[in-house]
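For reference, the structure is listed below as structure tokens.
All values below were derived from every heavy atom in this structure, side-chain atoms included, with hydrogens, water molecules and symmetry-related copies excluded. Just so we're clear, the structure is a prediction, and the values are computed from it rather than from any experiment. Here is how names work: the chains are called A, B, and so on, in the same order as the sequence lines, proteins then strands, and each is numbered from 1.
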Amino acid sequence: MHIKVKYFGQIAEVTKKEEESLEFSGQLISELLETLHSKYQILKITDFKVAQNQELVSFETKLTGQDIALLPPFAGG
Amino acid sequence: MKDKKPKSVFKEGAITSDFIGNSIYKHQTKTSIGAHNIFLGQVRADVIDNKTVTAIEYTAYEDMANQKFHDIRESAFDKFDLTCMHIYHSLGTVKAGEICLFVFVSSPRRKVVFEALEYIVEVIKGDVPVFGKEIFEDETHQWKVNS
């Protein structure tokens, strides 16, 4: 599956990019995160939530491959 | 008629007092309104480890954030008897002392606007993917987290 992952705030600072495309064969968000953890080890100790299709999802959610975003703590207002 | 794509809440840079004053002025023709309530978020010059915050640089997951602002708007109109409501949030650099969030609610009666404004501001703080980089005077930074 072809997946586009977006990074924001301090996550983008760690990955040094705002988005990237990956080829991925896993089923769950958690499996995708394992792949990202091995690529960016500091993500393991970074606090973030995951949005899929612009909705926050749990790490056990099935991956549909559209609009995955790693979101650090919100700081609006 | 409703737009399909929610309109953007974001404004580049600080929200000026002119803009806020003009928003209030524009409501003078809406004479069913008996009460307005306004929340203004201002960038605080926090001192952390002897360094002072001089500005916050805001970024957002804009599509998701605008959708969230749209949802907040719908739920606020469902919950409260509001005549109108406006939300503006800054993107980019906002200096300490400048305004980064402007929420404006109006209703025929005062009690409604007190409750509605608190509800809206709390949901914005908790649910909207906006990120803030606190810039110190020596140009180092840290990432803001809403408490």
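- With hydrogens and angles disregarded, no donor-acceptor distance shorter than 3.5 Å links the side chain of B/Lys125 to the backbone of A/Ala75.
- Between B/Tyr61 and A/Asp67 the shortest side-chain heavy-atom distance falls below 4.5 Å.
- Looking at heavy atoms from C-beta onward, B/Met64 lies out of side-chain contact with A/Asn53 at the 4.5 angstrom threshold.
- No single ILVMFWY cluster, assembled from side-chain heavy atoms under 4.5 Å apart, contains both A/Leu56 and A/Ile68.
- Panel note: side chain B/Asp63, backbone A/Gln54; no donor-acceptor pair is recorded below 3.5 Å.
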Kindly determine whether B/His141 and A/Gln10 satisfy side-chain hydrogen bond (donor to acceptor under 3.5 Å, both in side chains), including the steps that lead there.
CA-CA 11 Å; B/His141 71 267; A/Gln10 59 266 58; over 6 Å; no
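- Between A/Pro72 and B/Trp143, the closest side-chain pair of non-hydrogen atoms is not below 4.5 Å.
- Here B/Pro129 is the residue among B/Cys100, B/Gly41, B/Pro129 with the most heavy-atom pairs under 4.5 Å with chain A.
- Note that CZ of B/Phe131 and CD1 of A/Ile11 are 8.5 Å apart. Values are rounded to the nearest 0.5 Å.
- For the options B/Thr59, B/Val128, B/Leu101, B/Ile56, heavy-atom pairs under 4.5 Å to chain A are most numerous at B/Val128.
- Contacts of B/Ala65 with chain A are absent, with no heavy-atom separation under 4.5 Å from either backbone or side chain.
- Hydrophobic clustering (ILVMFWY, side-chain heavy atoms < 4.5 Å, transitive): B/Phe104 and B/Ile72 are in distinct clusters.
- B/His89 contributes a side-chain N or O that, together with a main-chain N or O of A/Gly77, makes up a donor-acceptor pair within less than 3.5 Å.
- In the hydrophobic cluster analysis, where Ile, Leu, Val, Met, Phe, Trp and Tyr join through side-chain heavy atoms closer than 4.5 angstrom, B/Phe39 is grouped together with B/Tyr119.
- Linking ILVMFWY residues whenever their side-chain heavy atoms come closer than 4.5 Å, directly or via other members, places B/Leu117 and B/Val9 in the same cluster.
- The environment of A/Glu31 atom CD is dense: over 12 non-hydrogen atoms of other residues, nucleotides or ligands sit within 6.0 angstrom.
- Using a 4.5 Å heavy-atom threshold, the side chains of A/Glu55 and B/Gln67 count as separate.
- Residues A/Met1 and A/Val5 are members of one and the same hydrophobic cluster, defined by side-chain heavy-atom contacts under 4.5 angstrom among Ile, Leu, Val, Met, Phe, Trp and Tyr.
- Using a 4.5 Å heavy-atom cutoff, the side chains of A/Phe74 and B/Val130 are not in contact.
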